[in-house]
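First the structure, in the form of structure tokens, and then the observations on it.
Proteins get letters first, then strands, A, B, ... in listed order; numbering begins at 1 in each. The model shown is predicted, which means the values in this text are computed figures rather than measured ones.
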There are 2 protein chains.
Amino acid sequence: MSRTVLVVEDEAPIREMLKFVLEQSGFNIIEAEDFDIAQEKICEPYPDLILLDWMLPGGSGVQLAKSLKQHEFTRDIPVIMLTARGEEEDKIRGLDAGADDYVTKPFSPKELVARIKAVMRRVTPTSNEEPIEFNGLKLEPVSHRVIANEEPLDMGPTEFKLLHFFMTHPERVYSRELLLDNVWGTNVYVEDRTVDVHIRRLRKAISRHGHDAMIQTVRGAGYRFSTKL
Amino acid sequence: MSRTVLVVEDEAPIREMLKFVLEQSGFNIIEAEDFDIAQEKICEPYPDLILLDWMLPGGSGVQLAKSLKQHEFTRDIPVIMLTARGEEEDKIRGLDAGADDYVTKPFSPKELVARIKAVMRRVTPTSNEEPIEFNGLKLEPVSHRVIANEEPLDMGPTEFKLLHFFMTHPERVYSRELLLDNVWGTNVYVEDRTVDVHIRRLRKAISRHGHDAMIQTVRGAGYRFSTKL
DNA sequence: AATCATTTTAATAAAACTGTCACAGATCAC
DNA sequence: GTGATCTGTGACAGTTTTATTAAAATGATT
């Protein structure tokens with residue numbers, strides 16, 4: 001789950017530093033040095049969060065923040081403002097701009113990253129977490145558990161994800177390639193046949209009560225999760 | 001369910017602003033401008049949360065916070081500190097007076113409300129003083145004790161809070177980050193891995209009668225408190 | 001200020017998981 | 001039946017994640 005952060009900052013050295021720090025922490029960075037460039041770059045890879053310098057040359061950061069909040073598509077992107085120490089007073093005006101948090105320069109990398117993560121957590125809504133059950137095989141996303149007839153089963157993370165995908169997409173064949181895309185993630189370079197091995201491991205993990213019969217091989221096509229025969 | 005918030009802030013304009021924002025969000029507001037007035041007003045309508053300015057004229061906000069945590073009746077009222085950015089943050093964090101969260105001025109109304117709600121959510125179930133028990137492991141919030149099969153156990157404060165959180169949220173995985181948010185408090189910047197060490201100590205503390213089996217590792221996801229397996 | 005308890009960080013050990021491979025079985029077309 | 005293809009399986013070497021330990025930092029207490 002790599003998150004993208006758009007950094008809007010006019011001073012190149014600071015921008016570079018931000019990029020470095022954030023990439024170290026596993027974020028994907030897009031840079032913009034002013035209002036206009038930011039406007040352009042915002043559309044394409046649609047950032048998960050915007051780190052915005054308060055003081056920008058062309059239009060100030062506040063304007064950009066306001067502009068962001070006015071447009072349908074960008075409204076829900078959380079914004080963290082970067083402010084310099086002295087600017088206390090001006091900042092009050094930022095209240096209306098709708099920033100989700102502030103970080104003052106200079107800041108510790110640790111704090112910055114912590115704040116970014118905190119804001120993302122706060123904003124990201126929890127997705128579908130309802131338990132799914134088929135023939136006594138129950139998967140609980142919340143507890144991250146798979147239970148077969150009241151008995152907890154043990155399996156690795158990949159097998160869990162694989163089963164989760166199957167149970168949310170039953171009665172349908174998926175090629176190895178498609179499974180890799182959906183379970184491993186897009187553009188991950190892994191052998192197709194690796195899927196076989198994980199299918200094997202998954203089957204073994206849920207075989208105790210015969211649930212492995214639901215993971216079906218479709219020769220020449222791939223695999224399918226099905227409750228029927 | 002209208003919640004009452006006590007706002008302790010010396011500067012009238014900011015106090016007004018807070019009152020306005022919070023009342024807009026459906027909170028019931030009591031105001032106090034200094035230490036003494038706060039002391040008085042705290043008793044009568046017993047606030048659900050206290051919003052406390054770090055810098056107060058008479059006694060500082062820290063003193064008030066400490067004083068609150070010392071008295072039986074006020075100990076369990078959650079406190080959110082309002083801090084200005086200029087004040088050295090390390091110090092603020094260091095002097096941790098038992099605040100449940102911090103919000104820096106200036107802040108966005110959205111953020112403030114989000115944090116207040118988050119803290120209330122977090123604390124409300126905690127304020128339930130009923131003992132909790134699972135498989136002979138009993139936690140008594142009132143006596144601040146953990147008992148395993150009639151035998152009192154010994155553990156540090158953090159381990160207690162951690163166990164308390166787990167027991168009030170069983171059968172659910174929590175990432176290290178989420179545990180830090182919920183047990184340590186938001187905007188506390190510590191390494192994720194620190195959680196491991198406390199998990200270790202907690203397990204050790206409750207291992208005498210095998211209760212450590214309920215603190216389960218979920219590889220790649222975090223930890224879970226569960227009575228199963 | 002010195003001591004003690006506790007928390008945090010860092011370093012190392014241990015465990016679990018991954019992706020590949022080689023080969024064994026199956027299945028299919030002819 | 002036979003060879004060609006496809007899938008199943010067990011093993012292993014490398015990685016990643018977690019456990020554990022020790023040391024440093026912090027805070028409270030005397």
From CG (Leu82(A)) to CG (Leu18(A)), nearest 0.5 Å: 6.0 Å
Residue-level proximity of residues 172-182 of chain A to DNA chain D when a heavy atom falls under 4.0 Å: Arg176(A)
Proximity to the side chain of Thr217(A) - top-ranked nucleotide from dT20(C), dT7(C), dT7(D): dT7(D)
Listed nucleotide nearest any side-chain atom of Pro157(B), set dT18(D), dG8(D), dT7(C): dT7(C)
Interatomic distance where CD belongs to Glu191(A) and C1' belongs to dC21(C) [whole Å]: 10 Å
Touch class at under 4.0 angstrom, heavy-atom based, for Arg201(B) against every strand present: base
Between C1' of dT18(C) and CG of Leu162(A), the distance in whole Å: 14 Å
Glu150(A) CD: over 12 foreign heavy atoms closer than 6.0 Å: no
Separation of dT9(D) C1' from Glu159(A) CD (nearest whole Å): 14 Å
Near-ring test Phe225(B)/Phe165(B), centroid separation under 6.0 angstrom: no
Could you list the donor-acceptor pairs under 3.5 angstrom formed by side chains in residues 155-164 of chain A, with sequence neighbours left out?
unit_1    : atom_1 : unit_2    : atom_2 : d
Glu159(A) : OE1    : Gly156(A) : N      : 3.3
Glu159(A) : OE2    : His198(A) : ND1    : 2.5

Sugar-phosphate only, base, or nothing, as touched by Thr194(B) at under 4.0 Å among non-hydrogen atoms: base
Interatomic distance where CD1 belongs to Ile199(B) and P belongs to dA15(C) [whole Å]: 19 Å
Sugar-phosphate, base or nothing in reach of Phe160(A), heavy atoms under 4.0 Å: nothing
Rounded (10°) bend between the five-pair end axes of the helix from dA1(C)-dT30(D) to dC30(C)-dG1(D): 30°
No-H, no-angle donor-acceptor pair, Arg219(B) side chain to dT17(D) base, under 3.5 Å: yes
Among dT9(C), dT9(D), dT7(C), the nucleotide that comes nearest once only the side chain of Arg193(A) is considered: dT9(D)
Under 4.0 angstrom between Arg203(B) side-chain N/O and dA19(D) OP1 or OP2: yes
Between dT18(D) (P) and Asp196(B) (CG): distance, integer Å: 7 Å
5' priority, DNA chain D, between Ala221(B) and Lys204(B) [closest heavy atom]: Ala221(B)
